[in-house]
Amino acid sequence: MPLNFPIYSPVQQIIHPFFAAHEVEVFIKRDDMIHPFISGNKWRKLKLHIAKLKSLKINTVVTFGGAWSNHLLATAAAGAQFQIKTHAFVRGEEISNPVLALCKLFGMTLHFVERSSYKDKLALFNANYTETEALFIDEGGRSDEGVEGCESIIEELADTYTDIFVAAGTGTTAAGILQAINKKALSTTLHCVPVLKAGDFIKNDISKWGIDTENLKLHSEYHFGGYAKTKPELLQFVKDFVSTTGIMIEPTYTGKMMYALFDQIKTGKIQAGGKILAIHTGGLTGFLGMYEKFDNLAPVSTL
Ligand SMILES: *Cc1c(COP(=O)(O)O)cnc(C)c1O
C-alpha cells in the first residue's frame with residue numbers, strides 16, 4: 001500500500017462472565033481504532049479507490065449516502081487526509097446534523113437530492129461530472145475495490161478462529177472477509193449479520209462477486225425492524241455491553257452484530273470451545289443520531 005496511513009487495528013480478548021459461563025473465548029478486531037472518522041471497514045473500502053485516484057491523477061471523488069452515513073464521513077475525512085476534493089449527494093431534503101457538520105468540516109461539498117432522483121446514482125454523476133475529472137464511488141463504498149480492500153482484515157490476523165462475526169449493509173465487507181477465508185483455506189465460519197430487513201439478498205450478492213459461500217452463515221433475523229430501526233431490547237443490550245466491557249458499540253451496525261453473537265452462544269449454536277472473533281467495523285458516530293433513545297432504559301443490566 002503506497003498510501004502513508006498507519007493501520008492500527010489490534011485484536012483484544014473480551015473478558016465477560018457470559019463468555020466464561022459458556023466456555024467460549026471471544027476476541028474483537030478493533031477496526032474502529034483505525035481513525036476516529038475514517039472508521040473501520042470504510043477505510044478498508046476506500047483505500048484502493050484512493051490509490052486508483054492518485055495513479056489516474058484525478059483529484060475529486062463523488063459519492064452517495066444518507067444523512068447519517070458513516071461512508072460519507074469517512075470519505076470526507078480521507079479526502080482531507082489525502083488532498084482529494086470530496087463531493088456527495090445526500091439522500092433527502094437538506095438538514096443539519098453532527099455527521100453532516102463533520103463532513104463539511106473536512107471540506108466535503110454536499111448536494112441534497114430528493115429520494116426519487118437519488119435512486120439513479122450514475123445519472124446524477126453523469127449530469128454533473130465527467131470520468132476524467134472525478135471518480136464515482138457507490139453508496140456505502142460498494143465495489144470490487146471495496147471487496148479487495150476488506151480482504152486485509154483477515155490477512156492481518158495472527159491467529160485463527162472457529163467463527164467470525166461481521167455486520168452487513170451492502171455485504172461488501174463480508175464478501176472481502178469470505179474471499180480471504182477461502183484464499184487461506186481456513187475452516188472458519190463467517191457469521192454475517194445484515195442490519196437491513198430481508199437481508200437474504202446478501203448471499204446472492206456475495207456469490208455474484210464469484211466468491212464461494214460454503215463458509216458463510218447469514219443471520220437475517222437480527223435486523224430489529226430494518227436499517228437504523230431498533231427495539232428496547234437491542235438498546236438495553238448495547239448499553240449493557242458497553243457498560244460491562246468498556247468497548248463502545250452502537251445500535252445500527254455493531255450492536256446488531258454483537259447481539260447476534262451473544263444470541264448464537266446463548267442458544268447453543270456456538271458450542272463450548274469456540275474461539276470467536278467479532279469485527280468492530282467502527283461507525284460510532286451513529287450513536288449521535290440515537291442517543292435520546294437511551295434516556296429511558298432500565299438501570300439494571302441483563303447481561
Ligand atoms: C457501513 C458499515 C457496515 C456495513 O458494511 P458493508 O460493507 O456495506 O456490508 C458495517 N458496520 C459499520 C459500522 C458500518 O459503518
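In listed order, ligands and their atoms are each counted from 1. Values below: every heavy atom of this structure, side chains too, minus hydrogens, waters and symmetry copies.
- No side-chain donor-acceptor contact under 3.5 Å links Y291 and E250.
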Is there a ring pair (Phe, Tyr, Trp, His ring centres under 6.0 Å) between H87 and Y129 once you walk through the steps?
CA-CA 10 Å; H87 291 227; Y129 304 92; 5.5 Å; yes
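- Atom CG of L46 sits about 5.5 Å away from atom CD1 of I137, to the nearest 0.5 Å.
- Counting only heavy atoms of the protein, atom 13 (C) of ligand 1 lies nearest to G282 O, 3.1 Å.
- A heavy-atom distance below 4.5 Å is not found between the side chains of H35 and W43.
- Taking a cut-off of under 4.0 Å to the non-hydrogen atoms of G171, the atoms of ligand 1 that pass are 6 (P), 8 (O), 9 (O).
- Contact annotation: for R142 versus ligand 1, there are no heavy atoms closer than 4.0 Å.
- Residue contacts with ligand 1 for T172 involve both N, CA, C or O and side-chain atoms from C-beta outward (heavy atoms, distance under 4.0 Å).
- Atom CD of E93 has 12 or fewer heavy atoms from other residues, nucleotides or ligands within 6.0 Å.
- Looking from atom 11 (N) of ligand 1 to the surrounding protein, the closest heavy atom is T281 OG1, 2.7 Å.
- Among protein heavy atoms, the minimum distance from atom 10 (C) of ligand 1 is reached at Y253 CD2, 3.3 Å.
- Of the protein's heavy atoms, K42 NZ, 1.6 Å lies nearest to atom 1 (C) of ligand 1.
- Hydrophobic cluster membership for Y8: M33 (Ile, Leu, Val, Met, Phe, Trp, Tyr linked by side-chain heavy atoms under 4.5 Å, directly or transitively).
- Nearest protein neighbour of atom 5 (O) of ligand 1, counting heavy atoms only, is N41 ND2, 2.9 Å.
- Residue N70 places at least one N or O, backbone or side chain, under 3.5 Å from an N or O of ligand 1.
- A side-chain donor-acceptor contact under 3.5 Å links N215 to the backbone of L186.
- Looking only at atom types and distance, the side chain of H191 has a donor-acceptor partner in the side chain of D163 under 3.5 Å away.
- Between atom 8 (O) of ligand 1 and the options V166, T170, D32, the minimum heavy-atom separation is to T170.
- Given atom 4 (C) of ligand 1, the protein heavy atom at minimum distance is G169 N, 3.4 Å.
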